[in-house]
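See structure below.
We name chains A, B, ... by the order of the sequence lines, and we start the count at 1 in each one.
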Number of protein chains: 2
Amino acid sequence: MRGVDVKGGPSGAQGRRATLREVAAELGVSPATVSNAYNRPDQLSAGLRERVFEAAERLGYAGPDPLARGLRRRRAGAIGVLYEDRLSHAFADPAEVLFLRGFSVATEEAGLGLLLLSGAPGAERDPEMIRGAVVDGFVVYSMAEDDPLVGAALGRRVPAVTVDQPEIEGLPFVGIDDRSAAREAAEHLVGLGHRRFGVVSFALAPDVRSGLADRSRQGAATYGVTSSRLRGYAEALAEGGISWDDVPVYECPMSLPEVGEDATEALLAREPRPTAILALSDQLAFGVVEAAEGMGLSVPGDLSVVGFDDVPEAARATPPLTTVRQPHEEKGLRAGRALVARLREEEVSSPSLLPTRLVVRGSTAAPRSRA
Amino acid sequence: MRGVDVKGGPSGAQGRRATLREVAAELGVSPATVSNAYNRPDQLSAGLRERVFEAAERLGYAGPDPLARGLRRRRAGAIGVLYEDRLSHAFADPAEVLFLRGFSVATEEAGLGLLLLSGAPGAERDPEMIRGAVVDGFVVYSMAEDDPLVGAALGRRVPAVTVDQPEIEGLPFVGIDDRSAAREAAEHLVGLGHRRFGVVSFALAPDVRSGLADRSRQGAATYGVTSSRLRGYAEALAEGGISWDDVPVYECPMSLPEVGEDATEALLAREPRPTAILALSDQLAFGVVEAAEGMGLSVPGDLSVVGFDDVPEAARATPPLTTVRQPHEEKGLRAGRALVARLREEEVSSPSLLPTRLVVRGSTAAPRSRA
DNA sequence: GTAACATACTTAAACGGTTTAGCTAAACCG
DNA sequence: CGGTTTAGCTAAACCGTTTAAGTATGTTAC
């Protein structure tokens, strides 16, 4: 391997960068030959190749410029992950981290970089960031259908895959059956005998509101995941003879425990007080438990709580959280592999829906003062 | 804002991408004018600008190609994070995730992308990945001094910042005082009356070994963080009259609980059995506790355990873990800002050492059968 | 009436490589 | 010895932009 040295004085990496052309001139050979030294060793004699590397090092040439090479070869060597919110929120959510974990396996397999793109760079949502991202493809991670950023990404006309939402005709999709997963969660509570529910939900649409969402707001949801899950809950409750109109749905701007706390306080202040709360994520559910206990209610004694995601913390929590398991890491892996396949112009198998499963733990029980 | 549309039939983003030149030809104007429409609105009439966007949309031109633009402007619009190991391990460690979280705040501030680069793409460490990464700068996250990947990154002659290690003359550095932080941890145990110790360590050098590391192996350490912490432990023990030579140091290839378990089993099998174990990370410490309990020992009754990092899980663990707190997120933020400053050719303030603090919780106590 | 100045474009040279086609000289063949 | 290969290198086009330096044309100043 050609050695790598940190030349250029004590301050290390600096100084004018030499170009391939300069190396060629130094040696009195053509640029093509220097290029070949790096890309096609069989196109020149071993001796000359050595001299090229030697001269490169002497001149401080770090090898072909990635931008120039990428331009000519028409590939960037990276995949962009487009995330709804600020990246710092992504890193705060274990579910998202697990997704990235799986995704990174796929990019490593393919020798590609992983470029994280946040939806909210400055404060305003800025499509320029997407338009300028040096990537060969995008994975759109759980965004609203009508998000301008999604439009910008698709407008780039590079391969793309969506995860969770939105589902777009012709694009590979990886996700779960949110509706039936949610349904299972609600059925569990109905089965235990609960009749009074509350729902702690994600945002329904990008024009983030915080507070109770009425029927019309629910109908106008552009976040597919949110509306599918609500529909699943509604179905299960309807089968149990409970009218969805009686179920308060509190919309949270973000999936964080603290936000879930606020929501819960609002829900538990209502009369009649709910005996069970369905949260759209474990993060929110943690906040629900926190708030309930803060109000002197015991979980599951006074209030049953079901989360969604089954992040590792759910099992360790006190009480251990009943929740819907979904394979986050597998989702990332599939999404990554699907995108890589697209990049290679292979055919991608049809949308993959991953399995979910209700995991019953200690945060749910039959309502106390029933019967 | 110019609208973005997903044209090109049902399969969405696809079809030949048009170039700026084609848009220009379509309109009978020069390429420069089209470029100006995107970059300098004041250089052409508003009417023409509109027609440019209209034609662009009609032809399926998504705006200036990032690679070409980047080449011309000499900027990539992203910062690379160079991580020792596979990314999936990075995402498994809460400390690293916190770091990235802080770092992402800085990149968002600057409107830059965040490109994750793993040390181990295929299986072999491949500097090509680094050489080809489309980035304006690197942050080197806790890597060995002599890692060829570090050399490759520095060889790129772009701005760089190192975090934790290595410290390189002339490069901005962000980290903590590992030696005195470790010292404080060991002092705590000595103060409690412990005399027999074991250490569960990170790797000392990239030629990963698993097992007890003797004095010479310790002396040859190229991971600065590891050797500094060991030195800190040694100093504190020496002051307590305990010879470092009597302290077994178990080297772990990775910072994962399972690995810590193996290490602990080996350490606790020795005679005399240690009454206290110092782990170089919380992840390892979790494994230590796990293993001890698996062997029927109680923590802290039979064995005291001190971790390092104070990840959020440490406080929630049973027993709550005594550990050394360091500001991971702040580290990321500082590193990111320092790099951004370098990119802007501002002067960067001197190396920043962040504060640490021993957090005493329930995993440490005085040794039982002493006195 | 003309010098000076905007305005709205255009020209052409970078930016730093890769790649196709081709050229020359030496090696090989029968 | 004439002809075909092969090894080793080069010339020149090309990748898709940006940008400094023009060039017309119309407007303003005096």
Legend entry - Short side-chain donor-acceptor distance under 3.5 Å, A/Thr222 and A/Glu145: no
Legend entry - d(CZ, A/Arg51; P, D/dC9) in whole Å: 8 Å
Legend entry - Ring centroid separation A/Phe103 to A/Tyr141 under 6.0 Å: no
Legend entry - Test item: side-chain donor near acceptor, B/Asn36 and B/Arg49, under 3.5 Å: no
Legend entry - Residue-phosphate contact under 4.0 Å: B/Ser35 side-chain N/O, D/dT18 OP1/OP2: yes
Inset, instruction - Check whether more than 12 heavy atoms from other residues, nucleotides or ligands sit under 6.0 Å from atom CD of B/Glu345, and answer yes or no. - result: no
Inset, instruction - Identify whether any heavy atom of B/Thr19 sits under 4.0 Å from a base atom; if not, whether one sits that close to sugar-phosphate; answer base, sugar-phosphate or nothing. - result: sugar-phosphate
Inset, instruction - Considering just the side-chain nitrogens and oxygens of A/Arg69, establish if one lies under 4.0 Å of OP1 or OP2 belonging to C/dT18. - result: yes
Legend entry - Short side-chain N/O contact to C/dT19 OP1/OP2 from A/Tyr38, under 4.0 Å: no
Inset, instruction - Using distance alone, with no hydrogens and no angle criterion, decide if B/Tyr223 and B/Glu84 have a side-chain donor and acceptor under 3.5 Å apart. - result: yes
Inset, instruction - Return the 5'-most residue of the pair B/Ala32, A/Arg21 with respect to DNA chain D, ranking by each residue's nearest nucleotide. - result: A/Arg21
Inset, instruction - Find the distance A/Leu71:CG to D/dC15:P and express it as a whole number of Å. - result: 9 Å
Legend entry - Base-paired stems in DNA chain C, each at least three Watson-Crick or G-U pairs under 3.5 Å: C:1-30 with D:1-30
Legend entry - Electrostatic pair B/Asp136:B/Arg74 at N-O distance under 4.0 angstrom: no
Legend entry - The single option from A/Leu117, A/Val140, A/Ile130, A/Asp126 passing side-chain contact (heavy atoms from CB on, under 4.5 Å) against A/Leu149: A/Ile130
Legend entry - Interface with DNA chain C, restricted to residues 40-48 of chain B and to heavy atoms under 4.0 Å: B/Gln43, B/Leu44, B/Ser45, B/Leu48
Legend entry - Partner set under side-chain hydrogen bond (donor to acceptor under 3.5 Å, both in side chains) for A/Ser88, not counting sequence neighbours: none
